[in-house]
Amino acid sequence: RGRFAHAMVNIKDGAVLLYGGIDNVSVPSQPKKSVTPQLASADSWVFELSKNQATTWKKINTTKNPPARAYHAMAPFDNGRVLLFGGCFPSTLLPNHGENYTNNQWIFFGTGKNVYQWEPIDTMYMYPRASHTMAVSTGFASMSPRIYVFGGLVLATDYSSSKAVTVQVQNDLWYLNSGCVKGYEGAKCTPCVQGTYSSDVTLDNTLCDSCPPGTTTRLDSGSWFLG
């Protein structure tokens, strides 16, 4: 079905991931009438182009899934992984209600041939926002790729009264070092074995470490940095 306010990114040669958006909208015929609120989608689709130019859409079913949203952004990086960040939750049609913005994020990655998974990442220090853009810089040999977020809409707050004031257009630039999601390791992001962990503080590709005595996992959070 047709939709808008969705996001699409390349995940491998001849394959593109589509996630979310709004696929059912009622626009009033008379300007004075209000727009009927619609729900955002939470579905994932992969569009594939074969060598003979045949095309197919395939709906992806995963054990975990990001909450439905629109006006979000996604960015691809190494090994076919994709980072999803922000957007509006389902109760808004247009991105002008800041109370419904989110700053949660998910990584989409392959776990086998044509088998995919979504995993949430707990990160801090970025304002909830919508209608922003994302891009990846491969950097230099001495640094890992970075995922950048620029602009978008955020909620401006009167901190003296803790009352929302208005939705504000941003011109800030943030970046996050790319790599494996928490609990996976190495260039191919394979799962850590039982009794070990990997931190997603920088989302790098380092190997899993042994758990500290008396613990079974480590729940570190990655951080966005102001560029």
Side-chain angles (χ1 to χ4, degrees), residues 3-21 40-51 55-62 64-87 102-123 126 129-141 143-152 173-191 198 200 202-206 222-225 227:
R3 65 183 67 197
F4 69 100
H6 54 284
M8 291 180 69
V9 293
N10 183 71
I11 53 174
K12 62 182 180 180
D13 290 344
V16 175
L17 170 69
L18 178 151
Y19 178 79
S41 300
D43 50 353
S44 304
W45 293 79
V46 170
F47 173 81
E48 293 185 331
L49 176 66
S50 66
K51 291 182 179 180
T55 59
T56 58
W57 282 100
K58 180 181 179 181
K59 188 173 183 179
I60 304 300
N61 297 310
T62 56
K64 299 178 183 179
N65 206 59
R69 68 190 67 202
Y71 299 99
H72 51 288
M74 299 192 299
F77 54 106
D78 55 340
N79 297 316
R81 287 168 289 168
V82 171
L83 180 69
L84 178 154
F85 175 81
T102 178
N103 63 351
N104 71 22
Q105 59 191 1
W106 293 67
I107 279 187
F108 179 88
F109 58 100
T111 59
K113 185 177 181 180
N114 296 321
V115 179
Y116 300 98
Q117 182 61 42
W118 284 103
E119 286 285 350
I121 304 178
D122 298 323
T123 57
M126 173 107 73
R129 65 186 63 206
S131 296
H132 50 287
T133 55
M134 294 178 66
V136 175
S137 172
T138 56
F140 302 95
M143 61 183 288
S144 62
R146 286 180 173 178
I147 301 172
Y148 287 92
V149 168
F150 178 78
L173 177 70
W174 296 77
Y175 72 87
L176 182 73
N177 294 323
S178 66
C180 292
V181 67
K182 177 172 55 185
Y184 294 78
E185 66 174 343
K188 295 185 177 181
C189 290
T190 55
S198 69
D200 66 349
T202 59
L203 289 179
D204 59 21
N205 290 333
T206 55
S223 296
W224 284 93
F225 299 94

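Note that the structure is predicted; figures quoted are calculated from it, not measured.
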List the steps and the verdict of side chain to side chain contact (heavy atoms under 4.5 Å, CB included) for M8 and L17. CA-CA 5 Å; M8 291 180 69; L17 170 69; over 6 Å; no

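- Checked by atom type and distance alone, the side chain of T62 pairs as donor or acceptor with a backbone atom of K64 at under 3.5 Å.
- At a threshold of 4.5 Å between non-hydrogen side-chain atoms, the residues I11 and V16 do not count as touching.
- For the atom pair CZ (R129) and CZ (F150), the distance works out to 9.5 Å, reported to the nearest 0.5 Å.
- Ring centroid separation for the pair Y116 and F109 does not come in under the 6.0 Å cut-off.
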Could you go through W118 and I60, starting from their C-alpha distance and side-chain angles, then the distance that decides it, and tell me whether this counts as side chain to side chain contact (heavy atoms under 4.5 Å, CB included)? CA-CA 10 Å; W118 284 103; I60 304 300; 6.0 Å; no

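- Side-chain contact between S44 and L18: absent, with no pair of heavy atoms (C-beta onward) separated by less than 4.5 Å.
- In this structure, the side chain of R81 does not engage the main chain of P76 through any donor-acceptor pair within 3.5 Å.
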S41/R3 under side chain to side chain contact (heavy atoms under 4.5 Å, CB included): CA gap, chis, key distance, verdict: CA-CA 9 Å; S41 300; R3 65 183 67 197; 4.0 Å; yes

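- For W106, the side chain to side chain donor-acceptor pair (under 3.5 Å) criterion is met by no residue, not counting sequence neighbours.
- For F85 and H132, the ring centers are positioned less than 6.0 Å apart.
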Run H72 and T102 through side chain to side chain contact (heavy atoms under 4.5 Å, CB included) and show every step you take. CA-CA 9 Å; H72 51 288; T102 178; over 6 Å; no

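- Considering only residues two or more places apart in sequence or on other chains, A42 meets the side chain to side chain contact (heavy atoms under 4.5 Å, CB included) condition with Y19, N65, A68.
- In this structure, K59 has no salt bridge (charged side-chain N to carboxylate O under 4.0 Å, His left out) partners at least two apart in sequence or on a different chain.
- Between E48 and K58, no side-chain nitrogen of the basic residue sits less than 4.0 Å from a carboxylate oxygen of the acidic one, so the salt-bridge criterion is not met.
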